[in-house]
2 protein chains.
Amino acid sequence: MEIRRADHIAKTLEEQIFNGTFANGERLDEVRLAERFGVSRTPLREAFQKLALSGLVEQIPRRGVFVRQPGPVELIEMFEVMAELEAVCGRLAAVRISDAALAELREANARCLATVAAHDADAYYWENERFHQIIYRESGNSFLEQETLSLHNRLKPFRRAQLRLRGRMDQSMTEHEEIMDALSAGDAERAAASLRSHVAVQGEKFHHLLASLKPSVA
Amino acid sequence: MEIRRADHIAKTLEEQIFNGTFANGERLDEVRLAERFGVSRTPLREAFQKLALSGLVEQIPRRGVFVRQPGPVELIEMFEVMAELEAVCGRLAAVRISDAALAELREANARCLATVAAHDADAYYWENERFHQIIYRESGNSFLEQETLSLHNRLKPFRRAQLRLRGRMDQSMTEHEEIMDALSAGDAERAAASLRSHVAVQGEKFHHLLASLKPSVA
DNA sequence: GTCAAGTATGTTGTATACAAGGTGTGACGT
DNA sequence: ACGTCACACCTTGTATACAACATACTTGAC
């Protein structure tokens, strides 16, 4: 099944890092992990390189690889960039989106509403993701779509955390309506602005969450 | 000297791919390149992975790695994203830039002017790069700075090509002036717009260049 | 007693040997 | 003559062996 074990290892390690299996500055021992996965060091090192390029671990020559959870400031920076990328997607999509995609978007938004009514946070998470991914796609720029999706995935675990805050889902839905309106009207600037603030508010919520957890770090 | 030969190989291969040493769909033979670099396949494969993650080559399991020059549409997409990223940097920099950095920017622009007066395209290229990198830095968002720089580097060879077009350097300088004005005034939207069009015009020029070379592709 | 230097041990980086899969060619059958 | 199946060779993916470097501990000298 797994033609390339290195890829599978990379994915597994990525999940485990996300799930907090490893502490922040922890060194990933090649031989220990190799025997844990039942493979040799070779595919493991390949997996390490992928993770290093993704920014999840840091490779220091002749020293080893260390898991590198992004700090508070870096996370805020990433959320800021995410907001801007989505804004760009929105601006482009406003003038490029097809009628079919608009209908698709409306449908996705309706499903979001349903999950909010059902207070199903997990389901909302997935439907919301679909809503945004349609916008990425309708930017009409595959490269932009890929880059935005990549950052989106990288922020996944942190985005998920802030969703549990009180009333966030309802607020999010009204923002979705505004976004839909702007896109339907083909108003590029309004679409960009509404998407930017929609995502930026996620970053701020996350910031608050973070500050409430560790008041010393802020 | 070179602690990590794999890194050196990756850089060398990257240059050679840029310089057109390899044809577009060409397969990179591991053993042949290994003996050509005087190393074993191991560091070469590590180099391949880096290049694959950078998008310069494509790795097909059990088939090998193939050099993957971006096609016309992908290049246009990348230029579009580049324009938007620079616009974002500009918008943020307009409200975050320090007086010292503004002076630095003015100086860099002055050096650009000097190289234009001297008709030194190569020197202009470097000074122009410095001008833009200051703006990336002054966005006050290191993550954004890195991402923007990364795409900038990836577009380097193509940006260089369009610079040789008639009158491009003079036009570019007047655009720089507009950008400087907006940043000095702290006008975020004007900075964003001027930077966007400044870079977008590069993409268009490149598009023209491309169309004039291969009329069949467009 | 403390600091420094040397050695030993452990870990990373590289080379080579081995295994598994894919492709191409040739032969045989229709 | 053309198509299909089988075998051989070539290439990639993985394991293991080896070398270089870094770190830590011990020993000796001041």
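Below, read A as the first sequence line, B as the second, and so on, with proteins coming before strands; counting in each chain starts at 1. Heavy-atom basis, side chains included; hydrogens, waters and symmetry copies ignored.
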Length of the CG-C1' vector between A/Leu44 and D/dG13, whole Å: 14 Å
Gap between atom CD of A/Glu77 and atom OG of B/Ser139 - 0.5 Å precision: 8.0 Å
Spacing of A/Ile9 atom CD1 relative to D/dG13 atom P, expressed in whole Å: 14 Å
Near B/Lys11 NZ, under 6.0 Å, is it more than 12 heavy atoms from other residues, nucleotides or ligands? no
Report the distance from atom CZ of B/Arg62 to atom P of C/dG21, rounded to the nearest whole Å. 6 Å
From the options C/dT16, D/dT14, C/dG13, select the nucleotide whose nearest atom is closest to the side chain of A/Ala6. D/dT14
Spacing of A/Ile60 atom CD1 relative to C/dT11 atom C1', expressed in whole Å: 14 Å
Does the side chain of B/Glu175 reach to within under 4.5 Å of the side chain of B/Val201, using non-hydrogen atoms? yes
For atom CD of A/Glu46 and atom P of C/dT12, their distance in whole Å: 16 Å
Please state how far atom CZ in B/Phe66 lies from atom P in C/dG22, giving the value in whole angstrom units. 14 Å
Are B/Leu85 and B/Leu144 side-chain neighbours, meaning at least one heavy-atom pair lies under 4.5 Å? yes
Does anything in residues 22-41 of chain B reach DNA chain C, meaning a heavy atom under 4.0 Å, and if so which residues? B/Val39, B/Ser40, B/Arg41
Rounding to 0.5 Å, atoms NE2 (A/His132) and CG (A/Leu149) come to a distance of 12.5 Å
Given side chains that start at C-beta, do those of A/Glu74 and B/Ser142 come closer than 4.5 Å, heavy atoms only? no
Would you indicate, yes or no, if D/dA22 has its OP1 or OP2 atom less than 4.0 angstrom from a side-chain nitrogen or oxygen of A/Arg63? no
